[in-house]
K.L.:
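Structure in C-alpha coordinates, see below.
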Amino acid sequence: MRNDFEMDLGLRDRTYLVTGGSRGLGRAGAEALVADGANVVISSRDADSVRAAVDELGAQATGVPADLGDPGTPARLIEAASRQFGRLDGALISVGGPPAGTLAEVTEEQWQQAFDTVFLGSVRLATAVAAELGDGGALAFVLSSSVRVPIPNLVISNGLRPGLAMVAKSMAKELAPRGIRVNGLLPGAIETDRMRETAGTDTAANRAARARAIPLGRFGQPAEFGRVAAFVLSPAASYLTGVMLPVDGGAAPAL
(Lines give C-alpha, C1' and ligand atoms only; values in the text may rest on other atoms or scores of the structure.)
Protein backbone atom coordinates (compact mmCIF):
# COMPACT_ATOMS: atom_id res chain seq x y z
CA MET A 1 0.00 0.00 0.00
CA ARG A 2 1.32 3.45 -0.92
CA ASN A 3 1.64 6.12 1.74
CA ASP A 4 1.06 9.84 1.24
CA PHE A 5 4.72 10.41 0.37
CA GLU A 6 5.02 7.85 -2.42
CA MET A 7 4.85 8.91 -6.04
CA ASP A 8 2.76 7.12 -8.63
CA LEU A 9 5.02 6.95 -11.68
CA GLY A 10 2.09 6.18 -13.97
CA LEU A 11 3.69 2.98 -15.25
CA ARG A 12 0.83 0.59 -14.59
CA ASP A 13 -0.05 -1.51 -17.65
CA ARG A 14 2.50 0.23 -19.86
CA THR A 15 4.93 -1.97 -21.80
CA TYR A 16 8.65 -1.50 -22.31
CA LEU A 17 11.35 -3.41 -24.12
CA VAL A 18 14.44 -4.01 -21.98
CA THR A 19 17.51 -5.26 -23.78
CA GLY A 20 20.22 -6.89 -21.71
CA GLY A 21 17.34 -7.51 -19.33
CA SER A 22 18.41 -10.83 -17.86
CA ARG A 23 21.23 -9.44 -15.70
CA GLY A 24 23.05 -6.32 -14.60
CA LEU A 25 21.67 -2.85 -15.15
CA GLY A 26 19.08 -4.00 -17.68
CA ARG A 27 17.71 -6.51 -15.20
CA ALA A 28 17.63 -3.86 -12.48
CA GLY A 29 15.61 -1.61 -14.77
CA ALA A 30 13.20 -4.43 -15.63
CA GLU A 31 12.66 -5.21 -11.95
CA ALA A 32 11.90 -1.58 -11.13
CA LEU A 33 9.48 -1.26 -14.04
CA VAL A 34 7.63 -4.42 -13.03
CA ALA A 35 7.53 -3.35 -9.39
CA ASP A 36 5.68 -0.20 -10.41
CA GLY A 37 3.14 -2.05 -12.54
CA ALA A 38 4.66 -2.04 -16.03
CA ASN A 39 5.02 -4.97 -18.39
CA VAL A 40 8.42 -5.78 -19.86
CA VAL A 41 9.77 -7.69 -22.84
CA ILE A 42 13.31 -8.61 -21.90
CA SER A 43 16.01 -9.86 -24.21
CA SER A 44 19.57 -11.11 -24.11
CA ARG A 45 21.62 -13.55 -26.16
CA ASP A 46 21.40 -16.38 -23.62
CA ALA A 47 18.08 -18.22 -23.83
CA ASP A 48 18.48 -19.87 -20.41
CA SER A 49 19.11 -16.56 -18.65
CA VAL A 50 16.12 -14.98 -20.40
CA ARG A 51 13.90 -17.87 -19.31
CA ALA A 52 15.12 -17.66 -15.71
CA ALA A 53 14.60 -13.90 -15.56
CA VAL A 54 11.05 -14.16 -16.91
CA ASP A 55 10.25 -16.84 -14.34
CA GLU A 56 11.47 -14.55 -11.56
CA LEU A 57 9.76 -11.39 -12.87
CA GLY A 58 6.42 -13.14 -13.26
CA ALA A 59 3.34 -12.58 -15.41
CA GLN A 60 4.27 -8.99 -16.27
CA ALA A 61 7.30 -10.21 -18.21
CA THR A 62 7.99 -12.10 -21.38
CA GLY A 63 11.33 -12.80 -22.98
CA VAL A 64 12.97 -13.11 -26.38
CA PRO A 65 16.48 -14.54 -26.76
CA ALA A 66 18.07 -12.09 -29.18
CA ASP A 67 21.34 -10.45 -30.17
CA LEU A 68 21.18 -6.67 -30.45
CA GLY A 69 23.64 -6.91 -33.32
CA ASP A 70 21.11 -8.89 -35.40
CA PRO A 71 19.16 -6.59 -37.76
CA GLY A 72 16.07 -8.76 -37.21
CA THR A 73 15.99 -8.21 -33.44
CA PRO A 74 13.93 -4.99 -33.31
CA ALA A 75 11.03 -6.49 -35.26
CA ARG A 76 11.03 -9.59 -33.06
CA LEU A 77 10.93 -7.58 -29.84
CA ILE A 78 8.25 -5.20 -31.07
CA GLU A 79 6.11 -8.11 -32.24
CA ALA A 80 6.50 -9.82 -28.85
CA ALA A 81 5.26 -6.71 -27.05
CA SER A 82 2.23 -6.46 -29.33
CA ARG A 83 1.41 -10.16 -29.08
CA GLN A 84 1.83 -10.49 -25.32
CA PHE A 85 0.68 -7.12 -24.01
CA GLY A 86 -1.05 -5.33 -26.90
CA ARG A 87 0.96 -2.13 -26.69
CA LEU A 88 4.42 -0.59 -26.64
CA ASP A 89 5.36 2.51 -24.67
CA GLY A 90 9.14 2.62 -24.91
CA ALA A 91 12.43 0.88 -24.33
CA LEU A 92 15.36 0.70 -21.97
CA ILE A 93 18.29 -0.01 -24.27
CA SER A 94 21.08 -1.70 -22.34
CA VAL A 95 23.88 -3.72 -23.87
CA GLY A 96 26.81 -5.53 -22.30
CA GLY A 97 30.04 -3.63 -22.25
CA PRO A 98 32.63 -4.23 -24.97
CA PRO A 99 35.91 -6.00 -24.18
CA ALA A 100 38.31 -4.28 -21.81
CA GLY A 101 41.73 -3.22 -22.95
CA THR A 102 43.94 -0.34 -23.99
CA LEU A 103 44.23 1.00 -27.52
CA ALA A 104 47.34 -1.11 -28.04
CA GLU A 105 45.62 -4.28 -26.80
CA VAL A 106 42.22 -4.36 -28.51
CA THR A 107 41.87 -5.62 -32.05
CA GLU A 108 40.11 -4.16 -35.07
CA GLU A 109 37.75 -7.14 -34.96
CA GLN A 110 36.79 -6.27 -31.36
CA TRP A 111 36.15 -2.67 -32.42
CA GLN A 112 33.91 -3.85 -35.26
CA GLN A 113 31.97 -6.34 -33.16
CA ALA A 114 31.39 -3.74 -30.45
CA PHE A 115 30.29 -1.14 -32.98
CA ASP A 116 27.80 -3.55 -34.56
CA THR A 117 26.22 -4.40 -31.21
CA VAL A 118 26.80 -1.56 -28.76
CA PHE A 119 26.42 1.31 -31.22
CA LEU A 120 24.59 0.28 -34.38
CA GLY A 121 22.40 -2.30 -32.64
CA SER A 122 21.25 0.29 -30.09
CA VAL A 123 20.56 2.93 -32.74
CA ARG A 124 18.70 0.42 -34.93
CA LEU A 125 16.44 -0.65 -32.06
CA ALA A 126 15.79 2.92 -30.91
CA THR A 127 14.84 3.95 -34.44
CA ALA A 128 12.47 1.00 -34.88
CA VAL A 129 10.81 1.52 -31.49
CA ALA A 130 10.42 5.26 -32.06
CA ALA A 131 8.50 4.53 -35.25
CA GLU A 132 5.93 2.61 -33.17
CA LEU A 133 5.51 5.12 -30.36
CA GLY A 134 2.99 7.88 -29.91
CA ASP A 135 2.66 10.80 -27.55
CA GLY A 136 4.00 9.79 -24.13
CA GLY A 137 6.49 7.24 -25.44
CA ALA A 138 9.99 7.18 -23.98
CA LEU A 139 13.41 5.77 -24.76
CA ALA A 140 16.37 5.54 -22.41
CA PHE A 141 19.88 4.50 -23.39
CA VAL A 142 22.01 2.87 -20.69
CA LEU A 143 25.39 4.42 -21.40
CA SER A 144 28.30 4.99 -18.99
CA SER A 145 30.17 7.65 -17.08
CA SER A 146 32.69 7.27 -19.93
CA VAL A 147 30.41 9.61 -21.91
CA ARG A 148 32.07 12.41 -19.93
CA VAL A 149 35.29 10.97 -18.52
CA PRO A 150 37.34 8.14 -20.08
CA ILE A 151 37.64 5.01 -17.94
CA PRO A 152 41.11 3.42 -17.82
CA ASN A 153 41.44 0.16 -19.77
CA LEU A 154 38.04 0.53 -21.47
CA VAL A 155 39.06 2.27 -24.68
CA ILE A 156 36.30 0.76 -26.84
CA SER A 157 33.60 1.85 -24.43
CA ASN A 158 35.24 5.27 -24.20
CA GLY A 159 35.02 5.53 -27.97
CA LEU A 160 31.44 4.33 -28.53
CA ARG A 161 29.41 5.58 -25.56
CA PRO A 162 29.88 9.33 -26.21
CA GLY A 163 28.73 8.83 -29.79
CA LEU A 164 25.58 7.09 -28.58
CA ALA A 165 24.96 9.98 -26.20
CA MET A 166 25.01 12.39 -29.15
CA VAL A 167 22.63 10.15 -31.09
CA ALA A 168 20.28 10.15 -28.09
CA LYS A 169 20.50 13.94 -27.87
CA SER A 170 19.72 14.24 -31.59
CA MET A 171 16.80 11.84 -31.31
CA ALA A 172 15.39 13.79 -28.37
CA LYS A 173 15.14 16.92 -30.52
CA GLU A 174 13.79 15.09 -33.58
CA LEU A 175 11.12 13.15 -31.68
CA ALA A 176 9.99 15.85 -29.26
CA PRO A 177 7.31 17.22 -31.63
CA ARG A 178 5.66 13.77 -31.50
CA GLY A 179 5.67 13.79 -27.69
CA ILE A 180 8.38 11.13 -27.47
CA ARG A 181 11.17 11.60 -24.94
CA VAL A 182 14.75 10.31 -25.24
CA ASN A 183 17.31 10.33 -22.43
CA GLY A 184 20.62 8.73 -21.52
CA LEU A 185 21.66 7.22 -18.21
CA LEU A 186 25.32 7.41 -17.18
CA PRO A 187 25.97 4.79 -14.49
CA GLY A 188 29.15 5.03 -12.51
CA ALA A 189 30.47 2.32 -10.20
CA ILE A 190 27.41 0.09 -9.78
CA GLU A 191 28.07 -3.33 -8.25
CA THR A 192 27.12 -5.56 -11.18
CA ASP A 193 28.77 -8.66 -12.63
CA ARG A 194 30.29 -6.41 -15.31
CA MET A 195 31.93 -4.23 -12.66
CA ARG A 196 33.35 -7.28 -10.93
CA GLU A 197 34.66 -8.66 -14.23
CA THR A 198 36.43 -5.43 -15.20
CA ALA A 199 37.89 -5.11 -11.69
CA GLY A 200 39.88 -8.29 -12.36
CA THR A 201 42.45 -8.85 -9.65
CA ASP A 202 41.78 -5.55 -7.90
CA THR A 203 42.64 -5.78 -4.20
CA ALA A 204 40.28 -5.08 -1.35
CA ALA A 205 42.35 -2.05 -0.45
CA ASN A 206 42.05 -0.64 -3.95
CA ARG A 207 38.31 -1.23 -3.97
CA ALA A 208 37.96 0.55 -0.65
CA ALA A 209 39.98 3.49 -1.97
CA ARG A 210 37.81 3.70 -5.09
CA ALA A 211 34.66 3.71 -2.95
CA ARG A 212 36.04 6.47 -0.72
CA ALA A 213 36.73 8.60 -3.80
CA ILE A 214 32.99 8.65 -4.58
CA PRO A 215 31.30 11.55 -2.75
CA LEU A 216 28.64 9.24 -1.31
CA GLY A 217 31.47 6.99 -0.10
CA ARG A 218 30.29 3.71 -1.63
CA PHE A 219 29.51 1.85 -4.82
CA GLY A 220 25.95 1.92 -6.10
CA GLN A 221 23.54 -1.00 -6.02
CA PRO A 222 21.73 -2.18 -9.18
CA ALA A 223 18.32 -1.46 -7.64
CA GLU A 224 19.31 2.18 -7.14
CA PHE A 225 20.05 2.46 -10.84
CA GLY A 226 16.88 0.56 -11.75
CA ARG A 227 14.63 2.98 -9.90
CA VAL A 228 16.17 5.93 -11.75
CA ALA A 229 15.66 4.16 -15.08
CA ALA A 230 12.01 3.45 -14.29
CA PHE A 231 11.40 7.08 -13.34
CA VAL A 232 13.07 8.43 -16.50
CA LEU A 233 10.88 6.19 -18.68
CA SER A 234 7.71 6.95 -16.74
CA PRO A 235 5.04 9.61 -17.32
CA ALA A 236 6.19 11.16 -14.04
CA ALA A 237 9.25 12.42 -15.97
CA SER A 238 7.11 13.91 -18.74
CA TYR A 239 9.18 17.12 -19.06
CA LEU A 240 12.56 15.39 -19.08
CA THR A 241 14.18 14.82 -22.46
CA GLY A 242 17.60 15.16 -24.05
CA VAL A 243 19.29 14.68 -20.68
CA MET A 244 22.39 12.62 -19.96
CA LEU A 245 21.77 11.75 -16.31
CA PRO A 246 24.68 10.55 -14.13
CA VAL A 247 23.82 7.79 -11.67
CA ASP A 248 27.20 7.72 -9.99
CA GLY A 249 27.01 8.82 -6.37
CA GLY A 250 28.40 12.24 -7.30
CA ALA A 251 31.60 10.88 -8.88
CA ALA A 252 31.43 12.92 -12.10
CA PRO A 253 33.95 15.78 -11.72
CA ALA A 254 32.12 18.16 -14.07
CA LEU A 255 28.60 19.36 -14.76
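Along the sequence shown, residues carry numbers from 1. All values derive from a computational prediction rather than experimental measurement.
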K.L.:
If we ignore hydrogens and angles and just use 3.5 Å, is the side chain of Arg51 paired with the main-chain N or O of Pro65 as donor and acceptor?
P.N.:
no
K.L.:
Take Ser49 and Ser44 through the side-chain hydrogen bond (donor to acceptor under 3.5 Å, both in side chains) test and state the conclusion after the steps.
P.N.:
CA-CA 8 Å; Ser49 66; Ser44 81; 3.3 Å; yes
K.L.:
Is it true that Glu191 and Arg218 have a side-chain N and a carboxylate O under 4.0 angstrom from each other?
P.N.:
no
K.L.:
Quick one: are Val167 and Phe119 in side-chain contact, heavy atoms under 4.5 Å?
P.N.:
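They are in contact (side-chain heavy atoms under 4.5 Å apart), so the answer is yes.
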K.L.:
Please check: side-chain N/O of Ser146 versus main-chain N/O of Val149, any donor-acceptor pairing under 3.5 Å?
P.N.:
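No, because the side chain of Ser146 does not come within donor-acceptor range (under 3.5 Å) of the backbone of Val149.
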K.L.:
Side-chain heavy atoms nearer than 4.5 Å, only ILVMFWY residues, links allowed to pass through others: does that put Val18 and Phe141 together?
P.N.:
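Looking at the clustering, Phe141 is in a separate group from Val18.
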K.L.:
Between Leu185 and Val129, is there shared hydrophobic-cluster membership here, with clusters defined by ILVMFWY side-chain heavy atoms closer than 4.5 Å?
P.N.:
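No.
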K.L.:
Just to verify, which of Thr192, Leu245, Leu25 counts as forming a side-chain contact (heavy atoms from CB on, under 4.5 Å) with Pro187?
P.N.:
Leu25
K.L.:
Are Phe219 and Ile190 packed together at the side-chain level, in the sense that at least one heavy-atom pair is separated by less than 4.5 angstrom?
P.N.:
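Side chain of Phe219 against side chain of Ile190, heavy atoms only: no contact under 4.5 Å found.
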K.L.:
For Leu133, does its backbone N or O pair with a side-chain atom of Arg178 as donor and acceptor, under 3.5 Å?
P.N.:
yes
K.L.:
Quick one: does Arg212's side chain have a donor or acceptor within less than 3.5 Å of a partner on Gly217's backbone?
P.N.:
no
K.L.:
Return yes if some donor-acceptor pair links the side-chain N/O of Glu224 with the main-chain N/O of Gln221 below 3.5 Å, else return no.
P.N.:
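Pair found, side chain donor or acceptor close to backbone of Gln221.
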K.L.:
Hey, are Glu132 and Arg87 close enough for a salt bridge, meaning a charged N less than 4.0 Å from a carboxylate O?
P.N.:
no
K.L.:
Sub-3.5 Å donor-acceptor pair from the side chain of Asp89 to the main-chain atoms of Thr15, do we have one?
P.N.:
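Yes.
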K.L.:
Taking the side chain as everything from C-beta on, heavy atoms only, tell me whether Arg14 gets closer than 4.5 Å to Asn39.
P.N.:
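No - every pair of side-chain heavy atoms lies 4.5 Å or more apart.
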K.L.:
State plainly whether the residues Glu31 and Arg227 are in salt-bridge range, i.e. N to O under 4.0 Å.
P.N.:
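Looking at Arg227 together with Glu31, the answer is no, because their closest N to O distance does not fall below 4.0 Å.
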K.L.:
Please confirm whether the backbone N or O of Val182 pairs with a side-chain atom of Thr241, one donor and one acceptor, at under 3.5 Å?
P.N.:
yes
K.L.:
Do Met244 and Leu143 have side chains that get closer than 4.5 Å, going by heavy atoms?
P.N.:
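In contact.
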K.L.:
When you measure from the side chain of Asn183 to the backbone of Leu240, do you find a donor-acceptor pair of N or O atoms at a distance under 3.5 Å?
P.N.:
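Flag set: sc Asn183 to bb Leu240 pair under 3.5 Å.
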K.L.:
What is the minimum heavy-atom distance between Leu139 and Ala130, and which atoms define it?
P.N.:
CD1-CB, 4.3 Å
K.L.:
Any side-chain to backbone donor/acceptor pair from Thr117 onto Ala114? Under 3.5 Å, distance only.
P.N.:
no
K.L.:
Apply the side-chain contact (heavy atoms from CB on, under 4.5 Å) test between Val95 and each candidate in Leu160, Leu164, Leu68; give the one that qualifies.
P.N.:
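Looking at Leu160, Leu164, Leu68, the match for Val95 under the side-chain contact (heavy atoms from CB on, under 4.5 Å) is Leu68.
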K.L.:
So does Thr62 get a backbone contact from the side chain of Gln84, meaning a donor-acceptor N/O pair under 3.5 Å?
P.N.:
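Side chain of Gln84 to backbone of Thr62: no pair is present.
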K.L.:
Out of Leu88, Val41, Leu11, Leu92, which residue meets the side-chain contact (heavy atoms from CB on, under 4.5 Å) rule with Tyr16?
P.N.:
Leu11
K.L.:
With no hydrogens and no angle check, just 3.5 Å: does a side-chain donor-acceptor pair link Ser157 and Ser144?
P.N.:
no
K.L.:
Which atoms form the tightest heavy-atom contact between Val106 and Ala100, and what is the distance?
P.N.:
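Distance-wise, the nearest heavy atoms are CG1-O, 4.0 Å.
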K.L.:
Quick check on Arg148: does its CZ atom have over 12 non-hydrogen neighbours (other residues, nucleotides or ligands) under 6.0 Å away?
P.N.:
yes
